[in-house]
Number of protein chains: 2
Amino acid sequence: MRRPPTTTYAILGMLTFAERSGYELGKLIEISIGYFWSPAKSHIYAELRRLVELGWATQHEVEQDHRPDKRVYTITEKGHAALREWLNDPEVEPETFRSPLLLKLFFGDLMDPGALHAQIAEAKRQAEELLAELKAVEGRIEHEDSLRFPYMTLRCGLAHARATRRWARDTLKGLEERSAS
Amino acid sequence: MRRPPTTTYAILGMLTFAERSGYELGKLIEISIGYFWSPAKSHIYAELRRLVELGWATQHEVEQDHRPDKRVYTITEKGHAALREWLNDPEVEPETFRSPLLLKLFFGDLMDPGALHAQIAEAKRQAEELLAELKAVEGRIEHEDSLRFPYMTLRCGLAHARATRRWARDTLKGLEERSAS
DNA sequence: GTCGACATGTAACCAGTTACATGATTAA
DNA sequence: TTAATCATGTAACTGGTTACATGTCGAC
């Protein structure tokens, strides 16, 4: 039996902080690992079922007042062991990065200059938006020693958002200089 | 009929420089758009067949001496129009970025410190390798005015490789300081 | 009464990868 | 003769998304 896909371990890892329902995991992932690993909502529920099948988590229903009932998942010792085995495996799967914007830019000769400029400007705006978002998170977690490792991943995001913003700025400038002459 | 996936346009775009066979496209993509858009070999052949079906390219066999024959694809005027329509569409699909390394780091508390250090160190090594590769490409194309737009995409790759290297360096330092105390 | 947050899923689809299969030609 | 490059694909799989479906509960 092959090792399950990375998303399985992502969900499993999120259960190490506390037992949670699929819905709660979705909200949590969105503001944490979602920046570099973001499964669809329906995918989360599917993975939770797989975790139970594997014996890596157990489920139990929680009746709630004032809210619909929920199904809460708890990591097992077997799950912990599987997670550690994956974490310590020196073989790390390669990152994937795909950028439709860079792809378009590569063919920039064929583009309407106005459309190109607008699309890079929009990328710059998005980088700035992301940067503001990440800075806000940083303010909240930088001194939380228990979030030391999440903070390191945040620093990576900040570095890349800044690199993107600067690149977009420079590229726009280059585009404008050329169109002016 | 919906718009075909981005990979279709990637292949189509590569045909604007010259008519090419699937094999030639594979080699070319690897050293150009492959850094931010890299279809599998078999996928390239499949997309070429789709281009012909759509009337966006035509194919013809080329008999070769000293080498196996090949099937060469040429972009049509209809293909050019479709490509421009896609390029100028202000709606750009979002980038996707997935990092198993950051995912592991997020759960760093559960890792063996040695394994974590080794995995970040390996990421740093990979960033340096990529950086060297991109710098070599830069030296070859920076003054080629016809490669102005590809050069802009290269600058983005350089910025990100440098950001990754610096982040990995800083992170390793943080890890070492902590383990020393 | 309707909107939004809470809550869980199914079914259909699809983009893309992996492994496999085949064969020509050239250079060591 | 063996490896490397040139050359083209098929078939099976799979990881993952999208759209849909359903319903609870509280607040306005």
Side-chain angles (χ1 to χ4, degrees), chain A residues 1-12 19-31 33-34 36-54 57 59-73 93-98 100 103, chain B residues 1-12 19-31 33-34 36-54 57 59-73 93-98 100 103:
Chain A
M1 39 184 174
R2 324 216 315 287
R3 172 180 283 178
T6 304
T7 303
T8 313
Y9 293 96
I11 306 295
L12 185 61
E19 53 173 35
R20 281 183 217 278
S21 69
Y23 187 81
E24 288 162 349
L25 283 170
K27 298 284 128 184
L28 183 61
I29 286 172
E30 204 183 321
I31 58 163
I33 60 169
F36 43 82
W37 203 271
S38 62
K41 210 171 35 136
S42 62
H43 198 182
I44 294 173
Y45 288 106
E47 289 300 338
L48 285 169
R49 268 173 268 137
R50 160 145 47 181
L51 289 180
V52 173
E53 253 174 63
L54 287 166
Q59 54 178 315
H60 66 277
E61 320 284 319
V62 173
E63 281 165 52
Q64 298 188 112
D65 302 335
H66 319 303
R67 253 175 253 180
D69 296 349
K70 61 182 176 180
R71 186 165 298 165
V72 166
Y73 295 83
E93 265 158 73
E95 309 198 323
T96 60
F97 171 67
R98 323 192 109 200
L103 188 58
Chain B
M1 38 184 176
R2 321 214 322 284
R3 172 180 283 178
T6 303
T7 303
T8 313
Y9 292 97
I11 306 295
L12 185 62
E19 54 174 34
R20 282 182 216 278
S21 70
Y23 186 81
E24 288 161 349
L25 283 170
K27 298 284 129 186
L28 183 61
I29 286 171
E30 204 184 323
I31 57 163
I33 60 170
F36 44 82
W37 204 272
S38 62
K41 212 171 37 139
S42 63
H43 198 182
I44 294 173
Y45 289 106
E47 288 300 338
L48 285 169
R49 268 173 269 138
R50 161 144 50 180
L51 289 180
V52 172
E53 252 174 63
L54 287 166
Q59 55 178 315
H60 65 278
E61 319 284 320
V62 172
E63 281 165 53
Q64 298 188 111
D65 302 335
H66 318 304
R67 252 175 252 179
D69 296 349
K70 60 184 177 178
R71 186 165 298 165
V72 165
Y73 295 82
E93 265 159 72
E95 309 198 324
T96 59
F97 171 68
R98 323 193 109 199
L103 188 59

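The chains referred to below are lettered A, B, ... by the order of the sequence lines, with proteins before strands, and numbering in each begins at 1. For the numbers below, each heavy atom of this structure counts, side chains included, while hydrogens, waters and symmetry mates do not.
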So, taking the atom named CD in Glu47(B) and the one named OG1 in Thr6(B), what distance separates them when rounded to the nearest 0.5 Å?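 Separation between the atoms: 10.0 Å.
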Nucleotide of [options] approaching [X] most closely (side-chain heavy atoms):
X: Trp37(A); options: dT18(C), dC6(C), dG16(D); answer: dG16(D)
X: Pro68(B); options: dG23(C), dG16(D), dA7(C); answer: dG23(C)
X: Arg50(A); options: dG16(C), dG15(D), dT8(D); answer: dG15(D)

[atom1] of [X] versus [atom2] of [N]: gap in Å, rounded?
X: Arg20(A); N: dA7(C); atom1: CZ; atom2: P; value: 12 Å
X: Asp69(B); N: dA24(C); atom1: CG; atom2: C1'; value: 9 Å
X: Glu63(A); N: dA7(C); atom1: CD; atom2: P; value: 14 Å
X: Glu93(B); N: dT17(D); atom1: CD; atom2: P; value: 14 Å
X: Ile44(A); N: dG15(D); atom1: CD1; atom2: C1'; value: 15 Å
X: Leu28(A); N: dA7(C); atom1: CG; atom2: P; value: 14 Å
X: Arg98(B); N: dG15(D); atom1: CZ; atom2: C1'; value: 8 Å
X: Glu30(A); N: dA5(C); atom1: CD; atom2: P; value: 12 Å

Going 5' to 3' through nucleotides 9-14 of chain C and flagging B where a protein heavy-atom sits under 4.0 Å of the base, S where only the sugar-phosphate is that close, and - otherwise, we get BB---S
Would you say that Pro4(B) contacts Arg50(B) through its side chain, given a criterion of any heavy-atom pair below 4.5 Å between the two side chains?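 Yes. Closest side-chain heavy atoms under 4.5 Å.
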Evaluate the side-chain proximity of Trp37(B) to Pro100(A): yes if any heavy-atom separation is below 4.5 Å, no if none is.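 Pro100(A) reaches Trp37(B) side chain to side chain.
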Please name the pair of heavy atoms, one in [X] and one in [Y], separated by the smallest distance, quoted to 0.1 Å.
X: Asp69(A); Y: Gln64(A); result: OD1-N, 3.0 Å
X: Tyr45(A); Y: Tyr23(A); result: OH-N, 3.5 Å
X: Gly22(A); Y: Ile44(A); result: O-CG2, 4.0 Å

Which comes earlier along DNA chain D counting from the 5' end, the contact point of Gly22(B) or that of Ala40(A), where each point is its nearest nucleotide?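 Going by which nucleotide is closer to the 5' end, it is Gly22(B).
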OP1 or OP2 of [N] versus the side-chain N and O atoms of [X]: is any pair under 4.0 Å?
X: Gln64(B); N: dA7(D); value: yes
X: Tyr23(B); N: dC6(D); value: yes
X: His66(B); N: dT25(C); value: no
X: Ser21(A); N: dT8(C); value: yes

Tell me what Thr6(A) touches on the nucleic acid: a base, only sugar-phosphate, or nothing, going by heavy atoms under 4.0 Å.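 No contact at all - Thr6(A) keeps every heavy atom at 4.0 Å or more from the nucleic acid.
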Using a heavy-atom cut-off of under 4.0 Å over every strand shown, decide if Thr8(A) touches base, sugar-phosphate, or nothing.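 Touches nothing.
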Salt bridge (Lys or Arg N to Asp or Glu O under 4.0 Å), paired with Lys70(A), selected from Glu61(A), Glu24(A), Glu63(A):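 So the option named by the test is Glu24(A).
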Applying ring pair (Phe, Tyr, Trp, His ring centres under 6.0 Å), name anything that partners Tyr9(B), two or more places apart in sequence or on another chain.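 Here the qualifying residues are Trp56(B), Trp86(B).
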